[in-house]
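Each remark here refers to the structure printed beneath this line.
Just so we're clear, the structure is a prediction, and the values are computed from it rather than from any experiment.
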Amino acid sequence: MQEPLFMEPIYKDYIWGGTRLKEYLKKDIKTDTAAESWEISTNDAGLSKTQTGQTLKELFEDETVKEEIFGTKTKNMEEFPLLIKFIDAKDNLSVQVHPDDEYAFKYENDKGKTEMWYVMDCDEDAKIICGIKESIKQEEIADIIHKGKIREILNEVPIHKGDVIFIPSGTIHAILKGTLICEIQQNSNLTYRVYDWDRIGKDGKPRELHIEKAIDVIKQDAKQKIVATSNQEVDISNNVISCNYFKVDTICIGSKYKQTSSKETFEAIMVVDGSGIIKTNGKEYKIKLGDSFIIPASLGEYEIEGIITLLKAYL
């Protein structure tokens, strides 16, 4: 595969969605609001298509090109390992938690979910929920939730554009209103809602909660916040997340960035600020804020020019 694979996103709207995907990222959204843009996905709930017309899932399942595109580390994987989204929270998302692989396999016949967020844009006073306040002991959590006092124990964190938040499985969390996020996660759609702000869904009923399962998987110490470096004066690459499921670099380019693809892994690239050009194998491709694409493992050398900030996710 000798060219980048550009994705066609899948748009989803929920009661908390806003207009930043359309207005800030210039997405071609036909509805008034949209909550999520699934940028790179082989999940059956939303299948990304490439410029070849094939879905990413079809390419991953094609053994004749699988390692060429996705790398040798995916040889024994049955599914593409990541799901990448842009999320626009005009209102608060539900307070939720994801199980780890062991619990998910045992009770849901599914994978768990570890994820990370990159703040692409946010209101001046924006916050997120990440974990339980340190003063609360693990054995107290269930009783507090059953008494309806969960809001008293949630750890709220102020955020700013360029922040990175790591959400390992077991972390109680919520994206709050006024925030545009790039989310990189395991390829799983498994979520346990703990609290939904007492609101009513579009069907006139409260959305389903999963209290007991959530209590099973919440880990008091599962929280971490990392602030990314953002400096457009120089070309810089920082590894901001490294876990069992993915690695993520922030790449802030002031002029040029040269790289050679690894035969071991694909690279998923999301443009989170600015614009530029990617050059490879004698061709040029314009890239701008809100674009997402895959650098195939076999691509070879490539160069990106411009004043641009990227996230690069890989295995």
Side-chain angles (χ1 to χ4, degrees), residues 11-21 31-38 45 85-99 103-104 107-108 110 112-113 115 117 119 121-159 163 165 167-181 183 185 188-223 225:
Y11 303 119
K12 295 179 178 288
D13 197 17
Y14 306 115
I15 58 175
W16 43 263
T19 59
R20 272 187 167 110
L21 296 175
T31 53
D32 291 337
T33 62
E36 298 182 348
S37 175
W38 288 29
K85 310 172 183 177
F86 296 144
I87 299 175
D88 175 23
K90 184 179 180 181
D91 198 1
N92 297 337
L93 276 67
S94 61
V95 179
Q96 55 190 244
V97 65
H98 308 305
Y103 188 95
Y107 293 102
E108 308 286 357
D110 201 346
K113 190 194 294 188
E115 63 191 34
W117 303 334
V119 182
D121 191 39
C122 65
D123 293 349
E124 186 175 349
D125 58 350
K127 297 180 180 179
I128 54 94
I129 290 169
C130 185
I132 302 292
K133 291 179 180 178
E134 292 182 0
S135 59
I136 306 301
K137 297 178 181 179
Q138 181 74 37
E139 57 267 25
E140 297 174 328
I141 294 173
D143 185 55
I144 291 171
I145 291 175
H146 283 138
K147 288 179 178 177
K149 296 182 178 181
I150 186 172
R151 293 182 66 174
E152 297 178 8
I153 67 173
L154 299 175
N155 184 48
E156 290 193 1
V157 181
I159 55 171
D163 283 358
I165 302 95
I167 309 289
S169 60
T171 309
I172 195 166
H173 62 275
I175 300 171
L176 301 183
K177 63 182 180 181
T179 307
L180 178 65
I181 294 277
E183 179 176 276
Q185 60 166 84
S188 170
N189 213 20
L190 188 55
T191 294
Y192 297 149
R193 285 196 201 104
V194 194
Y195 177 68
D196 199 34
W197 311 100
D198 303 318
R199 63 187 163 198
I200 302 300
K202 290 183 177 180
D203 61 357
K205 301 176 182 179
R207 294 199 295 173
E208 182 183 6
L209 301 180
H210 316 91
I211 299 294
E212 298 308 321
K213 287 183 177 180
I215 289 171
D216 282 348
V217 303
I218 291 172
K219 300 174 184 175
Q220 202 282 340
D221 60 349
K223 61 184 178 183
K225 180 170 183 291

With no hydrogens and no angle check, just 3.5 Å: does a side-chain donor-acceptor pair link Asp110 and Tyr107?
no

Check against side-chain contact (heavy atoms from CB on, under 4.5 Å), Glu108 and Lys213:
CA-CA 11 Å; Glu108 308 286 357; Lys213 287 183 177 180; 2.8 Å; yes

Is there side-chain contact between Glu152 and Ile144, with heavy atoms separated by less than 4.5 Å?
no

Could you go through the side-chain contact (heavy atoms from CB on, under 4.5 Å) check for Trp117 and Ile167 one step at a time?
CA-CA 8 Å; Trp117 303 334; Ile167 309 289; 4.1 Å; yes

Does a side-chain heavy-atom distance below 4.5 Å link Ser169 with Val217?
no

Is it the case that over 12 heavy atoms from other parts of the model lie below 6.0 angstrom from the CD atom of Glu124?
no

Dump the intermediate steps for side-chain contact (heavy atoms from CB on, under 4.5 Å) on Arg151 and Trp197, then the final yes or no.
CA-CA 9 Å; Arg151 293 182 66 174; Trp197 311 100; 3.6 Å; yes

Between Thr33 and Asp13, is there a side-chain donor-acceptor contact under 3.5 Å, judged purely by atom types and distance?
yes

Check for a donor-acceptor pair, side chain of Gln220 on one end and backbone N or O of Lys133 on the other, with a separation under 3.5 Å.
yes

I want to check something: taking the side chain as every heavy atom from C-beta on, are Leu190 and Lys113 in contact at a cut-off of under 4.5 Å?
no

In Å, rounded to the nearest 0.5 Å, how long is the span from CG of Asp163 to SG of Cys122?
7.5 Å

Heavy-atom side-chain contact between Ile136 and Ile141 under 4.5 Å:
yes

For a quick test of reading the model, state the closest non-hydrogen atom pair linking Gly178 to Ala126 and the distance between them.
O-CB, 4.0 Å

My understanding is that only residues two or more places apart in sequence, or in another chain, count here; which of them pass salt bridge (charged side-chain N to carboxylate O under 4.0 Å, His left out) with Glu156?
Lys127

Within this structure, what is the OG-CZ distance for the pair Ser94 and Arg207, rounded to the nearest 0.5 Å?
5.0 Å

Do Glu36 and Tyr11 have side chains that approach each other closer than 4.5 Å (heavy atoms only, starting at C-beta)?
no

To the closest 0.5 Å, what do you measure between OG (Ser135) and CG (Asn155)?
9.5 Å

What heavy-atom pair brings His173 and Glu115 nearest, and what distance separates the two atoms?
NE2-OE2, 3.5 Å

Between Ile145 and Ile211, the two heavy atoms sitting closest are CG2-CG2, 3.9 Å

Tell me the closest heavy-atom pair linking Thr179 and Leu176, and the distance in Å.
OG1-O, 3.0 Å

Point-to-point distance, once rounded to the nearest 0.5 Å, from CD1 of Ile200 to CD1 of Ile15:
9.0 Å

Does any N or O in the side chain of Asp196 come within less than 3.5 Å of the main-chain N or O of Asp198, such that one atom is a donor and the other an acceptor?
no

Minimum-distance pair of heavy atoms, taken over all atoms of Glu183 and Gln185:
OE2-OE1, 2.6 Å

Cation-pi, Trp16 ring and Lys177 (6.0 angstrom, 45 degrees):
no

So which heavy atom on Ala34 is nearest to which on Leu21, and how close?
O-CD1, 3.7 Å

Is any side-chain heavy atom of Ile128 closer than 4.5 Å to one of Ile165?
yes

May I ask you to decide if the ring planes of Tyr192 and His210 are parallel, tilted or perpendicular, using 30° and 60° as cut-offs?
tilted

Any donor-acceptor pair under 3.5 Å from Gln138 side chain to Ile218 backbone:
yes

Hey, does Pro206 have a side-chain heavy atom less than 4.5 Å from the side chain of Arg199?
no

Quick one, Ile129 and Val95 - any side-chain contact, counting heavy atoms below 4.5 Å?
yes

Does a side-chain N-to-carboxylate-O contact under 4.0 Å join Asp123 and Arg20?
yes

